[in-house]
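The next block holds one structure in the form of structure tokens; read it before the comments.
Order of appearance sets the numbers: ligands from 1, and atoms from 1 within every ligand.
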Amino acid sequence: MAPKYVYFFGNGSADGKSDMKHLLGGKGANLAEMTNLGIPVPPGFTITTEVCDAYYKNNKKYPDGLAKEIEQNLSRLEKLMGAKLGDPANPLLVSVRSGAAASMPGMMDTVLNLGLTPDAVAGLIKKTNNERFVWDAYRRFITMFGDVVMGVERHYFEEILDAYKKKARIKSDTELTSDQLKKIVEEFKSVYKKKTRENFPTDPKVQLQKAIEAVFASWNNPRAVKYRQLYEIKGLLGTAVNIQTMVFGNMGNHSATGVCFTRNPSTGENKFYGEFLINAQGEDVVAGIRTPEPIAHLEKEMPAVYKQLVAYKNTLENHFKDVQDIEFTIQENRLFMLQTRTGKRTTHAAVKIAVDMVKEGLIDKKVAIARVNPSELDQLLHPTFDPKAKKQIIATGLPASPGAATGRVVFNAEDAEKWALEKKEKVILVRKETSPEDIGGMHVSRGILTTRGGMTSHAAVVARGMGKCCVAGCGALQVDYKSQSFKVNSKLIKKGDYISIDGSTGEVMLGMVPTIEPGLSGDFATLMQWADEARKLKIRTNADTPADAKKARELGAEGIGLCRTEHMFFGECRIDSVRQMILSAPDVKIFKAKIAGLEKELQKCASNKTDALRKELMQVRKELKEPMNLYTSALKKLLPMQRRDFEQIFTAMDGLPVTIRLLDPPLHEFLPQEEHNQKDMAKQMKISLKEVQEKVSALHELNPMLGHRGCRLGITYPEIYDMQIQAIIEAACNVKKKGVAVYPEIMLPIISTVQEFDLLKDSVHGIAKAVMQKKNAQIEYLVGTMIELPRATLIADKIAKQAEFFSFGTNDLTQMTFGFSRDDVGSFVPEYLEKGILEKDPFQVIDQEGTGQLVEIGIKKGRSTRPQLKIGICGEHGGDPQTISFCHNVGMNYVSCSPFRVPIARLAAAQASLQQPISRATV
Ligand code: PEP
Ligand code: MG
């Protein structure tokens, strides 16, 4: 059977349906579905995404047979409509629109009113008896065709239009008379000719063919490419092209066009939401050029049409069981639905809608859990403005996308990117209206503020999609791009000044307004509870401070999976003691070795030689005294500080397990590198600057990440680990006495051999026993290991005989598997991603093919000798939804992530468990 490239819809039946999005694009598939549902959709046909794919694969040539299929479908459409493209007596006008399987609002191109020629204009005037409307449609067509198809920049046309309005002293396009519009059309044609060196085409078939080509070409325009990159849209064939009979919202005061959502996409409230413009075409609403009226006003203006619209929106939401984003046009009191698609919504709205729809019986809990993107949940944890803060409100616009943003004002996307990326400034992008070209600047801005456009303007839709705070249509602001400033009342705000905007109230405020942390309550808490019922993985947190531990617990953490003890050492009053400990440790070691050697010799040697040896021994002991004092005094200072840290953390996590990792990082991270710090150390240690510098350089390593770190430190300088173990067990005993249920899990880092683990485990048990005896207490504790090295995964069966738990340190495991230095990936990984060598940054999303395989080997081997081995992950990947799904599948017990990612992990774990059963091989 010959392939089918074109799908017709109209007159109550369609060739396609809604599950054919991959082939017909979202718009085409849903136009077909609406037609099948008996909803009034202007008839038309869709050219498939396969054609777009073939077009790019075959050097911009269309597949054989396409032209014929288009011809046949056009004839069918003409017959159905009783009008013909270009017919001077009864012309058919069509729209040509893009539409890929994934919604990319405003990113690709659209041409409306196609088919207008001088003959068709005359015919249409006769037919409609509405000259003004026809000239208005023609000038729009020339603009769109010129811009989209021929690359004549829009502003050339807009300048002419503005000049006419200025001359006529009118503000709105709708006030232009047909005579004026007629003249405008002539001027538009001249501009077109000047810029393209061609006459504006008068053959509608040529117009159609060029417009189709332009839509296909728009698939790869820079903004569409950037959008797909930003939203990680992959694996699509391309865009479809929808050719659809035009209906007109600009036929006078009984015509209108609008965009609506079945529920409020900003708050999620179950209330019909949207806006419309009388006597306008769709582009006017979406582009935000005129500020539209709220949809509720339509009830007063056209009650019968409004009733119909409400009925259709209900049908659509019940049919698709999700919020619909609908475009409609009213042509002389007749309602037509032009599009329906799943409504983009803020995360706040997504959660509310999911929970409400379960309560309404529209969907079940499983669907609700799947409806919310876990990665976006942290938006709900963003701060809001402190209600107690003093606010100097200078204007109020529309609350288009919630959030609290403070930043410096910039007036174009380029500056936004420059300031945010290069200067690391927080910026607020202020525009009259945004356009798809601004997408990069919007992405890096804290918030977006526009002076025109409504709740469905480009700025509002894109900001909501990005989860970015946006205040739209703030008409009180007079923006002047030339002087890079805006005026509001008598206040002048210049580029670089600070403002704050509240996307939930629409308020624009002067300066920086303080914010407060939000909590986890209401619908968010309900969804989290459903997620907890569904998930198998436990969720722990990576926390090094009592405050982090407390926050994580509030957000649902079920324990600490990684407490990095070295982070506790960086505090102002501690770093000096740590430095002192490190700088004196090597000397202590050398002298201790010397003493041991001399003592051995002394035991063996003849009595006539002992005097000299004894003397030497005394001398060495004397020399050791100084560094030993420094070393032990530093450890003595650190012990109570660590003990206090642990007491606080255990208390915050009362009843939950706390995994504490002993000192891990390369020593150079602690060494005083700057001269003024070295001088400080010299003073404190009562040695010369030169001596400090010599000690620093003796500890220098070429490859610190592969050097003297992790358990290697614990083995060479055992006193450091001993101090930490003592602090942990003493803290546990102390809090236990106060009634805290404490479950410490002591974790050894960078283990690569069983011998390392054995040695250190023995000292943990030795010290723990002594402390518990002294304190007369009994603590249930575990000793386990991080699995961070490929070798450890390969001998995991042997390690697991000794270790009571494993925690995959996938930061180091990724580093060691790829051989990519964690600290240096910035210089090449971005290019690897761009060139497609890597699909994702392996330090953010686990590389399942390589690193993941080692994880699986480690789990399998580990459980082969200890079937109940508790296994988790504590690398940064533990908070990434894709990695969490992997962790679920390979049978881990828990993931551990930073406190603010805990809700993300809870939801991602639930989604993973609802999608796939746990893999048998690994459990
Ligand atoms: C890891 O390597 O994954 C890990 C958690 O340890 P760190 O990042 O502290 O090296
Ligand atoms: Mg590590």
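- A salt bridge links Glu554 with Lys551: at least one charged nitrogen is closer than 4.0 Å to a carboxylate oxygen.
- Contact annotation: the side chain of Lys679 never approaches that of Val692 to less than 4.5 Å [non-hydrogen atoms, C-beta and beyond].
- Of all N, O or S atoms in Glu788, the one lying closest to the Mg ion (ligand 2) is OE2.
- Using a 4.0 Å cut-off between charged side-chain N and carboxylate O, Glu831 and Lys835 make a salt bridge.
- Coordination check, Asp664 versus the Mg ion (ligand 2): failed, since every N/O/S atom of the residue sits at 2.8 Å or beyond.
- Considering just the N/O/S atoms of Asp812, the one nearest the Mg ion (ligand 2) carries the name OD2.
- The existence of a salt bridge linking Arg709 and Glu566 is excluded, since no basic side-chain nitrogen approaches an acidic carboxylate oxygen closer than 4.0 Å.
- Using a 4.0 Å heavy-atom cutoff, Arg822 is listed among the residues neighbouring ligand 1.
- Ligand 1 does not have Met747 within reach: every non-hydrogen atom of the residue lies 4.0 Å or more from it.
- Dense packing is recorded around NZ of Lys870, with more than 12 heavy atoms of other residues, nucleotides or ligands lying under 6.0 Å away.
- For atom 6 (O) of ligand 1, the nearest non-hydrogen atom of the protein is Arg661 NH1, 2.9 Å.
- Within the 4.0 Å heavy-atom criterion, neither part of Leu813 lies near ligand 1.
- Close approach to Asp664 involves these atoms of ligand 1, each under 4.0 Å from a residue heavy atom: 10 (O).
- Every heavy atom of Glu876 sits 4.0 Å or more from the atoms of ligand 1.
- Listed here is the closest heavy atom pair of Lys736 and Val742: CB-CG1, 4.1 Å.
- Of all atoms in ligand 1, listed by their number and element, those nearer than 4.0 Å to a heavy atom of Arg564 are 4 (C), 5 (C), 6 (O), 7 (P), 8 (O), 9 (O).
- The proximity of Asp812 to ligand 1, defined as any non-hydrogen pair under 4.0 Å, involves the side chain as well as the backbone.
- Close approach to Met786 involves these atoms of ligand 1, each under 4.0 Å from a residue heavy atom: 4 (C), 5 (C), 6 (O).
- No more than 12 heavy atoms of other residues, nucleotides or ligands shown are found within 6.0 angstrom of NZ on Lys550.
- Using bins of under 30°, 30° to 60° and over 60° for the plane-to-plane angle, the ring pair Phe828/Phe820 lands in the perpendicular bin.
- Under 4.0 angstrom from ligand 1, the non-hydrogen atoms of Leu562 all belong to its side chain.
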